[in-house]
Amino acid sequence: MARQARKTSRSKAREEALAAAAAVHVPASCDVAVIGGGAAGLAAAIAAAEAGARVVVLERAPECGRTILATGNGRCNFSNTELSWGRYNDPAFVEAVCGPHFGPDVLDFFEDCGLAWVEEDGRLYPLSRQASSVREVLLARARRAGVTLAPAREAASLERWEGGYLITLAFDSQIDPKRGVMTHRVIYAAGGGEELTGSLGLTCAANEPVLCSLACVAPDDVSLEALDGRRAHVVARLLRDGSEVAVETGEVLFRPYGLSGIVIFDLSRLARAKDVISLDLLCGMSEGKARSLEAAAGGCAGLLDPAIVEALGSHALERARDLRFIVSGPAEPERAQVTRGGLDTEQFNPATLEARDLPGFFACGEALDVDGACGGFNLAWAWKSGLVAGRAAARG
């Protein structure tokens, strides 16, 4: 009964959201149309509208900003105190777009939104620790700026039009060729969309999940089922053909299918099938120190989770220094925090994020082939790139 009640509740909420979306009047024309009402799209819309443009946001989901609610395990790690370029796959482009005041610009934007925040080990969260706080201040600011938020509207097609672009709309996936928006400028702020952008001649890398768990094969005598749910602070090394590719320090979570946790999410950006992940469960502790503590305790329970000791069996201390897993590929890709891929950054002017050979077409956020590490880097990129694209699009 409880499961049925939850299902009924979700269905009712969706129906209510679609009814509210249907009531939104979408103008036939505007100065700037933003495709994608997530983090980057909302930032871009706010920036363009506050610069004087008539802005419409087209979002395929029943509500704008819904993806923000899932970030940071519902707490929304919206930025980081150390936004270094090296934590992105395309550091030169990110630096050119974001400039020397990357972090302060993001915080200034959210202070103007009325958001209070708190730092936890360099990660920035809303003071409420609720992602809904971030979403609500963004939606409220967008409305104050006069943005038309049009959820449940998917851009079914996008084509050049004299003086701008014509976007054909679908409401809740039902295409109506008679309904569309003519716009002078487009800001593309949605993931995927290879067909939509490809029709304009833009090159787009295929999308794939990153910042996700990894399916792994454990040593023959180590049961992942026995370790399911156990956590450990580790030094994790990603090895390829015996050479070290990357090193991360932090928490790992053992799952029946392989490995999860922050360090694994970060390594997933680089990992390939057949790579090896080596876990040092002692985090670099010297052998002498470890042996001394083992002798004092009469075992490894003072060094390692007793459940992990049991799973490793004899010689647990030696194995804990270099516990190896073979990567099979991404696990639970539907839960990935970020989608890698998107529009080739070489096609865009980093000062404006306008396509070099397609006047009036801008892109930001995950629409571009930019992805960063865990810790607020991807959302920080979404906010800042959205602001850059929005302000430039408003200037025309």
Side-chain angles (χ1 to χ4, degrees), residues 2-3 70 72-75 121 209-242 244-338 373-375:
R3 183 177 298 177
N73 291 321
R75 300 171 68 207
D121 297 323
V210 290
L211 295 190
C212 61
S213 304
L214 290 174
C216 299
V217 177
D220 290 340
D221 59 344
V222 174
S223 168
L224 282 169
E225 286 76 12
L227 288 172
D228 184 25
R230 312 309 296 188
R231 298 174 184 270
H233 194 81
V234 304
V235 175
R237 296 188 302 141
L238 180 67
L239 308 174
R240 183 173 301 143
D241 298 326
E244 188 175 279
V245 176
V247 180
E248 295 286 346
T249 300
E251 186 179 78
V252 68
L253 170 65
F254 294 96
R255 302 296 293 156
Y257 52 74
L259 302 173
S260 188
I262 293 174
V263 295
I264 302 303
F265 278 30
D266 279 335
L267 291 178
S268 73
R269 299 176 59 230
L270 304 172
R272 302 176 186 170
K274 298 183 180 181
D275 283 353
V276 172
I277 292 180
S278 167
L279 302 182
D280 178 359
L281 303 178
L282 300 177
C283 295
M285 182 182 295
S286 70
E287 182 173 357
K289 180 67 172 177
R291 289 296 183 190
S292 174
L293 293 173
E294 180 187 29
C300 299
L303 292 162
L304 301 168
D305 179 336
I308 294 177
V309 174
E310 183 178 353
L312 296 185
S314 59
H315 306 293
L317 196 61
E318 293 90 338
R319 303 189 73 183
R321 291 188 178 282
D322 185 16
L323 184 59
R324 297 194 171 202
F325 299 83
I326 300 173
V327 177
S328 301
E332 298 184 314
E334 70 281 359
R335 296 188 177 183
Q337 294 188 12
V338 175
C374 285

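What's counted below: heavy atoms across the whole structure, side chains too, no hydrogens, waters or symmetry copies. We number each residue from 1, following the sequence as shown.
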Note, R324 side chain near R237 side chain (heavy atom, < 4.5 Å)
yes

Evaluate the side-chain proximity of E248 to V234: yes if any heavy-atom separation is below 4.5 Å, no if none is.
no

Which atom pairs, one a donor and one an acceptor, fall under 3.5 Å between side chains of residues 270-279 and the rest of the protein, sequence neighbours left out?
{"residue": "D275", "atom": "OD1", "partner": "R240", "partner atom": "NE", "Å": "3.0"}
{"residue": "D275", "atom": "OD2", "partner": "R240", "partner atom": "NE", "Å": "3.2"}
{"residue": "D275", "atom": "OD2", "partner": "R240", "partner atom": "NH2", "Å": "2.8"}
{"residue": "D275", "atom": "OD2", "partner": "R272", "partner atom": "N", "Å": "2.8"}
{"residue": "S278", "atom": "OG", "partner": "D322", "partner atom": "OD1", "Å": "2.4"}

Kindly compute the distance separating [atom1] ([X]) from [atom2] ([Y]), expressed to the nearest 0.5 Å.
| X | Y | atom1 | atom2 | result |
| --- | --- | --- | --- | --- |
| F254 | L323 | CZ | CG | 6.0 Å |
| H233 | L281 | NE2 | CG | 11.0 Å |
| L238 | R269 | CG | CZ | 12.0 Å |
| R291 | S286 | CZ | OG | 11.5 Å |
| E225 | L227 | CD | CG | 9.0 Å |
| L317 | L312 | CG | CG | 10.0 Å |

Between D266 (side chain) and C374 (backbone), is there a donor-acceptor pair under 3.5 Å?
yes

Short side-chain to backbone donor-acceptor contact, R321 and M285, under 3.5 Å:
yes

Answer yes or no: are there more than 12 heavy-atom neighbours, outside E310 itself, under 6.0 Å from its atom CD?
no

A quick test of your reading: do over 12 heavy atoms of other residues, nucleotides or ligands sit less than 6.0 Å from CG of D221?
yes

Could you tabulate the donor-acceptor pairs under 3.5 Å formed by side-chain atoms of residues 211-220, not counting sequence neighbours?
{"residue": "S213", "atom": "OG", "partner": "Y257", "partner atom": "OH", "Å": "3.3"}
{"residue": "S213", "atom": "OG", "partner": "S260", "partner atom": "OG", "Å": "2.8"}

Which atom of [X] lies closest to which atom of [Y], heavy atoms considered:
| X | Y | value |
| --- | --- | --- |
| I308 | A232 | CD1-CB, 4.1 Å |
| I264 | L259 | CG2-O, 3.4 Å |
| S268 | V210 | OG-C, 3.9 Å |
| A246 | L267 | CB-CD2, 3.9 Å |

